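FYI, side chains are in, hydrogens and waters are out, and symmetry mates aren't considered; it's all heavy atoms of this structure. These figures come from a predicted structure and were not determined experimentally.
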Amino acid sequence: MPFFKSLKISASVFGAAILVPVAGHAQTAAPAAISASSGPTYADLATLSEASELVIRAQIRRQTTLKPERAPDVAPGFARLYVEAQTIALIAGRSSVGGTLAYLVDVPLDAKGKVPKLKKQDFVLFARSVPGRAGQLQLVSPTAQLAYTPELEARLRPILTELYAAEGPPPRVTGISDALAVQGTLTGESETQIFLATENRSPVSITVLRRPGQQVQWGVSWGEIIDSSARPPQPETLRWYRLACSLPPQLPSNANLAREADERRLAASDYAFVRQAIGPCERRITEG
């Protein structure tokens, strides 16, 4: 069962595992621990969290630099480390975790060309367990190790709470299925409905209402019922993330079901209005 924890974990609770580097896992290495001050965005943190089986706060106890022949694909200016760490807290996870951990990470050399010393530093790891190898982890991306700060953990908790909610997270949006704009009987009156495609085929739709003398109203319905009173998603929530990071910049022409030229332009204009209102999906350390 998924669980969400802030309880600190004592290493004495778990049997200490004897871990050795595995050359075959070199492709799972991740370059450079990212400092929280370098500014991962909400989209970065949501992407890393959703891809992870485990989100862990860990303290590095030992680092071993792999020889070049064991890490032939390391980028120039980087070194590959085999890291042994102690679990400080399981922040969130879909499986249990032991008191000691091991993983590979690529780190940049310092100005003198030396490998940085990470011992006793705390990091947040976004990872998955390695089947059949207790205590070994694979980081989920090249930027899945972030320097721990209380501020970073505070930013993560709302994301993880939504991801691990009993009803499940909102569905992933994969595109636009259909869009239709209909003009009303009054000048300036119209309604546009935009139906979204989702990964699990759950219905999601956007409604844009225009009334003479009133501000444009729009909202998102996350279900079968199209609610004319639906509201826009709050910024920096998973629902906002689903739209901001998945919707195309323009309404695809083949999704526009309106036949009249004016109504087709209206549908495209309303979509552009919504896309601008949602805002960009800003990323600094991940890819969409």
A.B. asks: Kindly indicate whether the side chain of Arg210, heavy atoms from C-beta on, has any atom under 4.5 Å from the side chain of Leu266.
C.D. replies: yes
A.B. asks: Taking all non-hydrogen atoms of both residues, which atom of Leu137 and which atom of Ser129 are closest, and how far apart?
C.D. replies: CD2-CA, 4.3 Å
A.B. asks: Taking disulfide bond (SG atoms under 2.5 Å apart) as the cut-off, I'd like each qualifying pair that reaches into residues 144-249, sequence neighbours left out, listed once.
C.D. replies: Cys245-Cys281
A.B. asks: Search all heavy atoms of Ile278 against all heavy atoms of Trp240 and return the closest pair with its distance.
C.D. replies: O-NE1, 2.9 Å
A.B. asks: Any donor-acceptor pair under 3.5 Å linking the side chain of Thr174 with the backbone of Ala197?
C.D. replies: yes
A.B. asks: Enumerate the salt bridge (Lys or Arg N to Asp or Glu O under 4.0 Å) contacts for residues 197-209, please, sequence neighbours excluded, ordered by first and then second residue.
C.D. replies: Arg172-Glu199
A.B. asks: If you compare all heavy atoms of Leu238 against all heavy atoms of Ala46, which two are closest, and at what distance to 0.1 Å?
C.D. replies: CD2-CB, 4.3 Å
A.B. asks: I'd like to know if Arg155 pairs up with Glu151 as an ion pair, taking the criterion as any Lys NZ or Arg NE/NH1/NH2 lying under 4.0 Å from an Asp or Glu carboxylate oxygen.
C.D. replies: no
A.B. asks: Distance from Tyr42 atom OH to Ile159 atom CD1, nearest 0.5 Å?
C.D. replies: 4.5 Å
A.B. asks: For residues 134-188, which residue pairs pass the disulfide bond (SG atoms under 2.5 Å apart) check, not counting sequence neighbours?
C.D. replies: none
A.B. asks: Which atom names give the shortest non-hydrogen contact between Glu224 and Pro203, and what distance separates them?
C.D. replies: N-CG, 3.6 Å
A.B. asks: So, does Glu153 use its side chain to make a donor-acceptor pair with the main chain of Ile91 at under 3.5 Å?
C.D. replies: no
A.B. asks: Quick check for you: to the nearest 0.5 Å, what is the distance between Arg61 atom CZ and Glu84 atom CD?
C.D. replies: 11.5 Å
A.B. asks: Using links of under 4.5 Å between side-chain heavy atoms of ILVMFWY residues, direct or through other members, which residues join Leu257 in one cluster?
C.D. replies: Leu180, Val182
A.B. asks: Please list all pairs passing the salt bridge (Lys or Arg N to Asp or Glu O under 4.0 Å) test where one or both residues lie in residues 273-283, with sequence neighbours left out.
C.D. replies: Glu282-Arg284
A.B. asks: Taking side-chain contact (heavy atoms from CB on, under 4.5 Å) as the test, write out the residues that go with Glu263, two or more places apart.
C.D. replies: Gln183, Ala258, Glu260
A.B. asks: Can you measure from CD (Gln145) to CG (Asp106) and round to the nearest 0.5 angstrom?
C.D. replies: 10.5 Å
A.B. asks: Show your working on side-chain hydrogen bond (donor to acceptor under 3.5 Å, both in side chains) between Asp44 and Thr41 and close with a plain yes or no.
C.D. replies: CA-CA 5 Å; Asp44 290 327; Thr41 66; 3.2 Å; yes
A.B. asks: If you compare all heavy atoms of Leu66 against all heavy atoms of Ala71, which two are closest, and at what distance to 0.1 Å?
C.D. replies: CB-CB, 4.5 Å
A.B. asks: Should we count CD of Glu189 as having more than 12 external heavy atoms under 6.0 Å?
C.D. replies: yes
A.B. asks: Give me the atom names and distance for the closest heavy-atom approach of Ala102 to Tyr82.
C.D. replies: CB-OH, 3.3 Å
A.B. asks: Looking at Val55, Leu48, Thr149, which one forms a side chain to side chain contact (heavy atoms under 4.5 Å, CB included) with Val124?
C.D. replies: Val55
A.B. asks: Could you work out, with side-chain hydrogen bond (donor to acceptor under 3.5 Å, both in side chains) as the rule, every residue matching Asp122, not counting sequence neighbours?
C.D. replies: Arg57, Gln59
A.B. asks: Among the clusters formed by ILVMFWY side chains lying less than 4.5 Å apart, do Leu251 and Val220 turn up in the same one?
C.D. replies: yes
A.B. asks: So do Trp222 and Thr198 actually touch side chain to side chain, heavy atoms under 4.5 Å?
C.D. replies: no
A.B. asks: Do Arg242 side-chain atoms and Pro171 backbone N/O form a donor-acceptor pair below 3.5 Å?
C.D. replies: yes
A.B. asks: In the structure I gave you, are the side-chain heavy atoms of Thr187 and Pro212 within less than 4.5 Å of one another anywhere?
C.D. replies: no
A.B. asks: Go through the steps to decide whether Ser253 and Arg264 satisfy the test side-chain hydrogen bond (donor to acceptor under 3.5 Å, both in side chains), and finish with yes or no.
C.D. replies: CA-CA 9 Å; Ser253 178; Arg264 290 183 64 84; 3.2 Å; yes
A.B. asks: Rounded at 0.5 Å granularity, tell me how far CD1 in Ile88 sits from CD in Gln86.
C.D. replies: 4.5 Å
A.B. asks: Quick check: are there more than 12 heavy atoms from other residues, nucleotides or ligands sitting under 6.0 Å from CZ of Arg211?
C.D. replies: yes
A.B. asks: Once side-chain contact (heavy atoms from CB on, under 4.5 Å) is applied, do any residues pair with Glu69, and if so which ones, sequence neighbours excluded?
C.D. replies: Lys67
A.B. asks: Are Pro116 and Asp110 side-chain neighbours, meaning at least one heavy-atom pair lies under 4.5 Å?
C.D. replies: no
A.B. asks: Just how far is it from atom NZ of Lys117 to atom CG of Leu81, taken to the nearest 0.5 Å?
C.D. replies: 13.0 Å
A.B. asks: If Ile, Leu, Val, Met, Phe, Trp and Tyr residues are connected whenever their side-chain heavy atoms lie under 4.5 Å apart, and connections chain through other members, are Leu243 and Leu209 in the same group?
C.D. replies: no
A.B. asks: Which residues satisfy the side-chain contact (heavy atoms from CB on, under 4.5 Å) test with Ala58, sequence neighbours excluded?
C.D. replies: Ile56, Ala85, Leu101, Leu125
A.B. asks: Okay, side chain of Thr192, backbone of Ala267: is any donor-acceptor separation there less than 3.5 Å?
C.D. replies: no
A.B. asks: Honestly curious: do Leu109 and Val107 fall in one hydrophobic cluster under the side-chain, below-4.5 Å linking rule?
C.D. replies: yes
A.B. asks: Please evaluate residues Glu162 and Thr237 with respect to the criterion side-chain hydrogen bond (donor to acceptor under 3.5 Å, both in side chains), reporting the C-alpha separation (whole Å), side-chain torsions for both, the decisive distance (0.1 Å), and the verdict.
C.D. replies: CA-CA 8 Å; Glu162 285 197 76; Thr237 62; 5.0 Å; no
A.B. asks: Any heavy-atom pair between the side chains of Gln193 and Ser205 that's under 4.5 Å?
C.D. replies: no
A.B. asks: Could you walk me through whether Gln121 and Ile60 satisfy the side-chain contact (heavy atoms from CB on, under 4.5 Å) test, starting with their C-alpha distance in whole Å, then the side-chain angles of each, then the deciding distance to 0.1 Å, before giving a yes or no?
C.D. replies: CA-CA 6 Å; Gln121 295 185 41; Ile60 294 180; 5.6 Å; no
A.B. asks: Can you tell if the side chain of Tyr271 reaches within under 4.5 Å of the side chain of Asn256, non-hydrogen atoms only?
C.D. replies: no
A.B. asks: Just grab all the disulfide bond (SG atoms under 2.5 Å apart) pairs involving residues 144-214, residues at least two apart or on different chains.
C.D. replies: none
A.B. asks: Look up atom CG in Asp270 and atom CD1 in Ile194, then write down how far apart they are to the nearest 0.5 Å.
C.D. replies: 7.0 Å
A.B. asks: Is there a side-chain contact between Val83 and Leu104 (heavy atoms, below 4.5 Å)?
C.D. replies: no
A.B. asks: Residues two or more places apart in sequence or in another chain: which of them pass side-chain hydrogen bond (donor to acceptor under 3.5 Å, both in side chains) with Tyr241?
C.D. replies: Thr47
A.B. asks: Other hydrophobic cluster members with Phe195, side-chain heavy atoms of Ile/Leu/Val/Met/Phe/Trp/Tyr under 4.5 Å, chained?
C.D. replies: Ile226
